[in-house]
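Okay, structure first, notes after.
Computed from a prediction, not measured in an experiment: that's the story for all the values here. A note on names: the letters A, B, ... follow the listed sequences, proteins ahead of strands, and every chain is numbered from 1.
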Amino acid sequence: MKPVIALCDANAFYCSCEQVFDPSLLNRPLGVLSNNDGCIISRTRELKALGVAMGTPAFKVRHLLERGEIALRSSNYPLYGDMSSRFMSVLEQFTPDLEVYSIDEAFLDLSGFPDEQLGSIGREMKERVYLWTGLPIGVGISTTRTLAKLANYAAKKYSATEGVVDLTSPVRQRRLMEITPVGEVWGVGRRIGKRLEAAGIHTAAQLVDCQRKWIRREFSVVLERTVCELQGERCIAADDQGSDNKHQIMCSRSFGKRIKTIEELHSALACYISRACEKLREQKQLAREAILFIRTDPFRQSTWPMGGSIRLALPEPSADTRPWLYLLRPALEKLFHEGCEYKKGGFVLLDLSHSQSFQGDLLAIPPHPEAPGKESVMTVLDAINHRFGRNMLRPASVGFEKQDWHMNQQLLSRCYTTRWPDILRINT
DNA sequence: TCTGGGGTCCTAGGACCC
DNA sequence: TCTGGGGTCCTAGGACCC
């Protein structure tokens with residue numbers, strides 16, 4: 001049976017979510033900002049048309065905002081996360097074999113459907129998602145993930161496709177590759193793109209014609225796999241079922257203002273440690289090592305960028321927040337330099353293992369409190385926070401809610417779907 | 001004044017072992 | 001005095017993705 005894969009993704013996902021609940025934003029140049037209202041990470045077609053690039057710092061478009069020519073929103077992840085799960089549950093009606101690849105896209109296995117139906121299935125997906133969630137999406141269908149990505153690119157780029165492209169036919173694949181710049185291929189980033197251009201490879205068609213051995217020698221096995229995929233051979237497999245556990249868990253943020261004291265740093269990083277460990281427990285994993293880092297503002301010319309990281313380790317794997325908090329203060333005392341203004345910090349958990357395969361210290365007396373079968377303080381803390389809201393209960397070192405190292409979010413929309421007071425009222 | 005956050009995979013090179 | 005080949009594990013750094 002010929003394998004068939006569809007890639008469905010939402011157009012300008014964060015912007016579309018904002019537009020669903022605020023129709024005054026429809027057909028307008030709209031951008032959604034990164035954390036801390038730093039730069040633009042999602043743009044509507046109208047904003048792109050004004051020449052505003054992805055990643056443009058917010059201050060560079062402030063004049064357009066003030067003149068009312070564009071609209072901006074802070075990123076509202078509770079809203080986007082909820083809209084994402086609605087989107088995915090509509091897609092699940094078409095096949096149970098669905099891999100959520102990111103917040104706004106999913107790969108679907110459509111193997112077994114007759115070729116002539118693929119286009120109409122794609123159109124039905126698009127219509128149903130729009131009808132049920134209000135999100136506009138694009139659908140690309142082909143035989144490998146890289147080709148499905150390419151089909152999806154065409155669905156977005158060429159309006160005549162009406163957002164759905166069936167790229168299972170080799171003839172159509174070839175025609176599209178001939179007019180697609182090599183940098184648009186999934187897996188070819190900026191660096192590799194430049195090197196390919198320098199070697200005279202400008203289109204996807206020229207890339208697919210390359211000798212695999214040559215690609216491997218001159219570039220890497222990673223790019224070789226991309227070429228195989230373009231040639232119709234599946235090399236990038238679906239993630240194994242149940243192995244969606246991460247290999248590292250990170251929590252890092254830019255601070256709302258520059259931090260000069262070790263006390264403020266301590267409070268901010270305690271918050272990140274707390275969040276990272278929560279994520280760890282959600283995944284039912286344990287960690288034995290971690291990295292803590294702080295950094296000054298790399299964009300300030302007047303001071304040399306400063307910072308540092310330190311590796312921390314526990315005697316045995318744990319999902320408890322507290323041991324890391326004990327290590328925080330001494331670690332910060334090593335990293336912190338008086339007189340530096342810190343702009344960002346973070347905490348990364350490494351060396352993760354599954355909590356079911358926990359191996360305690362044979363000689364430890366008494367037994368480890370996190371050993372299987374023990375109800376820990378952390379379980380209770382998570383349960384209370386789950387019921388009453390994040391950070392309702394938190395380590396004292398995190399401090400109180402309103403501290404000015406927290407993110408700037410001046411243009412935040414409401415949590416229309418996840419907070420009772422924010423739900424829209426319709427007056428008739 | 002103002003420039004995101006969270007991941008993955010691969011490779012090269014060093015240390016060490018037999 | 002001369003000197004090999006094969007392997008593992010770890011880490012840092014580079015590249016990519018959304």
Base, sugar-phosphate, or nothing for [X], non-hydrogen atoms under 4.0 angstrom?
X: A/Asp104; answer: sugar-phosphate
X: A/Ser220; answer: nothing
X: A/Asn36; answer: nothing
X: A/Lys257; answer: nothing

Where the side chain of [X] is concerned, which of [options] is the nearest nucleotide?
X: A/Ser252; options: B/dT3, B/dC9, B/dG6; result: B/dG6
X: A/His247; options: B/dG7, B/dC9, C/dC18; result: B/dC9
X: A/Asp297; options: B/dT3, B/dG7, B/dG4; result: B/dT3
X: A/Arg191; options: C/dC17, C/dA15, B/dG4; result: C/dA15
X: A/Cys39; options: B/dT3, B/dG6, B/dC9; result: B/dT3
X: A/Trp186; options: B/dG4, B/dC10, C/dC17; result: C/dC17

Report yes if at least one side-chain N or O of [X] is closer than 4.0 Å to OP1 or OP2 of [N]; otherwise report no.
X: A/Arg225; N: B/dC10; answer: yes
X: A/Arg253; N: B/dG5; answer: no
X: A/Lys194; N: C/dA15; answer: no
X: A/Thr56; N: B/dT3; answer: no
X: A/Ser254; N: B/dG5; answer: yes
X: A/Lys344; N: B/dG5; answer: yes

Position toward the 5' end of DNA chain B (nearest nucleotide), A/Gln248 or A/Arg62:
A/Arg62

Could you check A/Lys343 against A/Val221 and say which one's nearest nucleotide on DNA chain B is further toward the 5' end?
A/Lys343

Between [Y] and [X], is there a side-chain donor-acceptor contact under 3.5 Å, judged purely by atom types and distance?
X: A/Asp82; Y: A/Thr418; result: no
X: A/Tyr80; Y: A/Glu18; result: yes
X: A/Thr146; Y: A/Arg225; result: no
X: A/Gln285; Y: A/His354; result: no
X: A/Ser111; Y: A/Asp109; result: yes

Heavy-atom count check: over 12 atoms from other residues, nucleotides or ligands less than 6.0 Å from A/Gln211 CD?
no

Stem regions touching DNA chain C, defined by at least 3 consecutive Watson-Crick or wobble G-U pairs below 3.5 angstrom:
B:5-18 with C:5-18

How close or far is atom [atom2] of [N] from atom [atom1] of [X], stated in whole angstroms?
X: A/Leu349; N: B/dG7; atom1: CG; atom2: P; answer: 10 Å
X: A/Tyr14; N: C/dC18; atom1: OH; atom2: P; answer: 12 Å
X: A/Arg258; N: B/dT1; atom1: CZ; atom2: C1'; answer: 8 Å
X: A/Ile192; N: B/dC10; atom1: CD1; atom2: P; answer: 14 Å
X: A/His63; N: B/dC2; atom1: NE2; atom2: P; answer: 19 Å
X: A/Leu65; N: B/dT1; atom1: CG; atom2: P; answer: 20 Å
X: A/Leu33; N: B/dG5; atom1: CG; atom2: C1'; answer: 14 Å
X: A/Ile291; N: B/dG7; atom1: CD1; atom2: C1'; answer: 14 Å

Expected output is a numbered-order residue list: members of residues 195-203 of chain A with a heavy atom under 4.0 Å from any atom of DNA chain B. What is it?
none

Are A/Phe107 and A/Tyr101 an aromatic pair, judged by ring center distance below 6.0 Å?
yes

Between A/Arg288 and A/Asp351, is there a side-chain N and carboxylate O pair less than 4.0 Å apart?
yes

In terms of side-chain geometry, is the basic nitrogen of A/Glu264 or A/Lys257 positioned less than 4.0 Å from the acidic oxygen of its partner?
yes

Is the ring pair A/Tyr272/A/Phe255 parallel, tilted or perpendicular, if the boundaries are 30 and 60 degrees?
parallel

Steps toward salt bridge (Lys or Arg N to Asp or Glu O under 4.0 Å) verdict (A/Glu289, A/Arg311):
CA-CA 7 Å; A/Glu289 284 195 51; A/Arg311 220 179 167 99; 2.7 Å; yes

